[in-house]
Amino acid sequence: MWQFLAASSLFFGAWYLWWRWTESLNWSAAWFSLPLVIAETAAFIGLILFTVNLWSPRSPRRPELPRTVGDTVSELVGPDRPIIVDVFFATYTEDPELVRLGVQDAKRMEYPHPIELQIHVLDDGRRPEMARVAEEEGVNYITRSDNVGYKAGNLRNAMYETGGDFIVICDADTQPFPNMLTETLGYFRDPQVAWVQTPQWFWDVPPGVPLEARLRRRFGAPGGWVGRQVERVVGPMNKGEDPFANDPQLFYDFIQHRRNWANASFCCGAASVHRREALMEAAIRSWAARIDELTHEEERDAARLTGEFAMFEAVRDSARMNRARELDFTPFKLHVSEDIYTSIVLHSDRERGWKSVLHPKVVSRMMSPNDLLSWTIQRYKYAGGTLDIMRNDNPLFRRGLTLPQKLMYAMTFYSYLSPLWNIVFLCAPIVFLFTGIAPVATYSLEFFLHIVPFLLLNEFAQLCGLWGSSAMRGRRWYMAMFPLTLNALWAVLRGRRISFPVTPKDRAEGRYLRLVRWQLLFIVVNMIALVWGWTAFLQGTPGYSLGAIIANTLWSGNNILSLMVIVRAALWTPDPEHDLPVMEGYRHEAA
């Protein structure tokens, strides 16, 4: 059903765009009409990529758990032995007691066969209190003298000091479940599986206050009864539920999980399990290839200066050795988005054919940003890091990736270009409501006959394909975060370095309206434009036809609702009765 509705939606979308380009352009206002149809086309390309991403739910079968290391490799070197698993907790400034909870949970991980579990705290903050926690818990403490490479450098340093067959990556707030290894290690019976990513579950996402409870609190028992009846009809209605769109269900259950068929689900850092051999071998290949590339460049430069066609072998070897000393060797790409970057490197190694798996079951929990400032820091890092890769090492032009893999990565990178057309969609109804100038030749019956089937089929397709997840909420946040993504895009285009600030784990008090000033501006301007446009329509001003005013009112209203989600997040504070115990959960658990 999903594939039928999605294909129908794309067909009618293409039909609508063909009509827009060939018959509906308002050439008397080309300055307005052309940018809008270009934006519609760009958004439709994004819809095509999104549909390709969700097309098939096929995933690899999970084999039985390996008993020894010999079950996980194609050719065993040396005697067989139990599997060794290193668990890395990467930390910098986070509360040591928060890390302690994750370490304690990691010590409780189970496995039905003999296994050697080694837990390491990787402290880039070099803190005595963190070392004391590691000592008290009986786990290894690893630090270094600098912070080169951020988290990737921290992981690289730990890999030099450990030697396990598999590595479990945990953030400071990650708390693995006892079944984490029993759920994931079975995939590694395939010697080509390089890593298994599991869904990140944010256990502290605010549950919100049910409508029944809110009305009972305000109006007593009668109010509670009314709220209960409303929820029986329309379903649960919670105020303050996940105010920052932190719930990653859409991303993991649909976007990432449905990339398994194309071997294109990428690593997201925490809650992932890696084969050490894959990380090291990919790093060696990448390091050697870069040395050869730099040596060839040096040889060409020398040829231009001396007129010699080639270096002497001894000179070439010397140049290669110098480059080897200068060039960093790292199993994780030293980048703010080291997880997806390392995934691209491994996926593009066609000779080894490394595979990735998104395991659909949650096997750990972690904490989410609990205020808009923390959320903004995290999302800016995601956007800037991804766009930086697109600009400097675009996977679409990288050798070794298959066409399905390139399409999947294209969807991820293309989504971060959305502010370029979303800003047009936000401005278009405002322009019409203030001026009466239409971006189409006419808002006639023909216009509605072309656009309505596409919109309805797309809505039905999203509802079916994302069953169990809120597609509407995802679209609204996609629109609402346009200033943040636009800022990240502008920073990358100017060549600015994207830093790696640690996402705060504690809620900062206060409201953050300064972070949503652009969204507030658009909301206010839209409201003024609606009053202006309807006044002009009621006065019979030329250009304000009934079809035009209805279409742009619905459009403007949808934009306001989309922008309001982030404004509400800026004003959100925990409910003292329902949310605070959840937000402070890890402190209660530690106590």
Side-chain angles (χ1 to χ4, degrees), residues 1-17 40-61 197-202 205 234-236 241-242 245-266 268 340 356-362 382 386 402-418 421-422 425 450-481 558 561-562 565:
M1 180 60 72
W2 142 250
Q3 292 178 342
F4 170 75
L5 290 171
S8 301
S9 170
L10 293 182
F11 173 81
F12 278 95
W15 179 55
Y16 165 73
L17 280 177
E40 288 179 290
T41 305
F44 185 70
I45 293 171
L47 179 62
I48 294 173
L49 292 172
F50 187 65
T51 303
V52 171
N53 190 148
L54 297 188
W55 188 254
S56 173
R58 286 186 290 121
S59 289
R61 184 185 62 85
Q197 177 69 53
T198 65
Q200 295 179 356
W201 173 51
F202 301 118
V205 167
V234 302
E241 177 186 18
D242 189 18
N246 284 323
D247 186 355
Q249 181 188 19
L250 173 62
F251 177 70
Y252 285 104
D253 286 5
F254 298 97
I255 295 175
Q256 276 276 63
H257 188 213
R258 294 197 176 192
R259 294 183 175 194
N260 277 339
W261 71 268
N263 186 30
S265 65
F266 58 82
C268 302
I340 187 172
S356 63
V357 178
L358 189 284
H359 180 59
K361 189 174 181 179
V362 172
Y382 292 167
T386 306
T402 64
L403 178 59
Q405 286 173 329
K406 288 186 176 184
L407 288 174
M408 297 301 178
Y409 279 116
M411 183 265 174
T412 298
F413 288 88
Y414 194 77
S415 67
Y416 284 107
L417 301 179
S418 64
W421 50 86
N422 281 343
F425 294 146
H450 279 83
I451 195 171
V452 169
F454 166 56
L455 294 179
L456 288 178
L457 281 167
N458 184 55
E459 196 64 37
F460 289 141
Q462 301 296 321
L463 181 66
C464 183
L466 303 176
W467 192 264
S469 179
S470 176
M472 180 65 73
R473 178 184 296 178
R475 288 200 299 270
R476 284 180 173 171
W477 276 94
Y478 185 67
M479 176 74 75
M481 59 189 290
N558 181 69
L561 291 174
S562 296
V565 296

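Note on residues 7-16: no pairs pass salt bridge (charged side-chain N to carboxylate O under 4.0 Å, His left out), not counting sequence neighbours. Pairs engaging residues 406-415 under the salt bridge (charged side-chain N to carboxylate O under 4.0 Å, His left out) rule: none recorded [sequence neighbours left out]. Judged as a salt bridge (charged side-chain N to carboxylate O under 4.0 Å, His left out), the pairs with a partner in residues 455-472 (not counting sequence neighbours) are, in order, Glu459-Arg475.
By the side-chain contact (heavy atoms from CB on, under 4.5 Å) test, Val565 pairs with Arg476, Trp477, Ala480, Arg568, sequence neighbours left out. Judged as a side-chain contact (heavy atoms from CB on, under 4.5 Å), and not counting sequence neighbours, the contacts of Asp247 are Asp242, Gln249. Checked against side-chain contact (heavy atoms from CB on, under 4.5 Å), Trp261 has the following partners two or more places apart in sequence or in another chain: Ser56, Arg58, Pro404, Met408. Residues forming a side-chain hydrogen bond (donor to acceptor under 3.5 Å, both in side chains) with His450 (at least two apart in sequence, or on another chain): none. Taking the side-chain hydrogen bond (donor to acceptor under 3.5 Å, both in side chains) definition, one finds that Thr412 meets it with Arg259, sequence neighbours left out. In this structure, Tyr16 has no ring-ring contact (aromatic ring centres under 6.0 Å, His included) partners at least two apart in sequence or on a different chain. Here Gln462 pairs with Asn458 under the side-chain hydrogen bond (donor to acceptor under 3.5 Å, both in side chains) rule; sequence neighbours left out. The side-chain contact (heavy atoms from CB on, under 4.5 Å) search around Leu17 returns Glu40, Thr41, Phe44, not counting sequence neighbours.
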(request) Start with the C-alpha distance between Phe12 and Leu456, add both sets of side-chain angles, then the distance that settles side chain to side chain contact (heavy atoms under 4.5 Å, CB included), and finish with yes or no. (result) CA-CA 10 Å; Phe12 278 95; Leu456 288 178; over 6 Å; no
(request) Could you give me the CA-CA distance, side-chain angles and deciding distance for Trp15 and Phe454, then say whether side chain to side chain contact (heavy atoms under 4.5 Å, CB included) is met? (result) CA-CA 9 Å; Trp15 179 55; Phe454 166 56; over 6 Å; no
(message) One pair to check against side chain to side chain contact (heavy atoms under 4.5 Å, CB included): Ser59 and His257. What are the steps and the verdict?
(response) CA-CA 8 Å; Ser59 289; His257 188 213; 3.0 Å; yes
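Using modelled atom types, no side-chain atom of Ser265 and backbone atom of Asn260 make a donor-acceptor pair closer than 3.5 Å. A donor-acceptor pair under 3.5 Å is absent between the side-chain atoms of Tyr252 and the main chain of Leu358, judged by distance alone. Without hydrogens or angle criteria, Ser9 side chain to Leu5 main chain gives no donor-acceptor distance under 3.5 Å.
At least one side-chain heavy atom of Pro248 sits less than 4.5 Å from a side-chain heavy atom of Phe202. Side-chain contact between Ile255 and Met411 is present, with at least one heavy-atom pair separated by less than 4.5 Å. Counting heavy atoms from C-beta outward, Leu407 and Leu49 have side chains that approach closer than 4.5 Å. Two residues are said to be in side-chain contact when any heavy atoms from C-beta on lie closer than 4.5 Å; Cys268 and Phe251 meet this criterion.
Pro199 and His359 make their closest contact through CD-O, 3.0 Å (heavy atoms, listed as atom of the first residue, atom of the second, distance). Ala461 and Trp2 get closest at one heavy-atom pair: O-CE3, 3.3 Å. For the pair Tyr414 and Ala42, the tightest heavy-atom approach, listed with the atom from each and the gap, is OH-O, 2.8 Å. Between Tyr409 and Phe413 the shortest heavy-atom distance is O-CD1, 2.8 Å.
For Tyr478, the OH atom counts as densely surrounded, since its 6.0 Å shell holds more than 12 non-hydrogen atoms of other residues, nucleotides or ligands.
Here the straight-line distance linking atom CG of Leu54 with atom CG of Leu250 works out to 8.0 Å at 0.5 Å rounding. Here CG of Asn263 is found 5.0 Å from CD of Gln405. Values are rounded to the nearest 0.5 Å. Considering OG of Ser415 and CZ of Phe50, their distance stands at 10.0 Å, rounded to 0.5 Å. Between Leu466 atom CG and Phe254 atom CZ the span is 5.5 Å, to the nearest 0.5 Å. Atom OG of Ser562 is separated from atom CE of Met472 by 8.0 Å, given to the nearest 0.5 angstrom.
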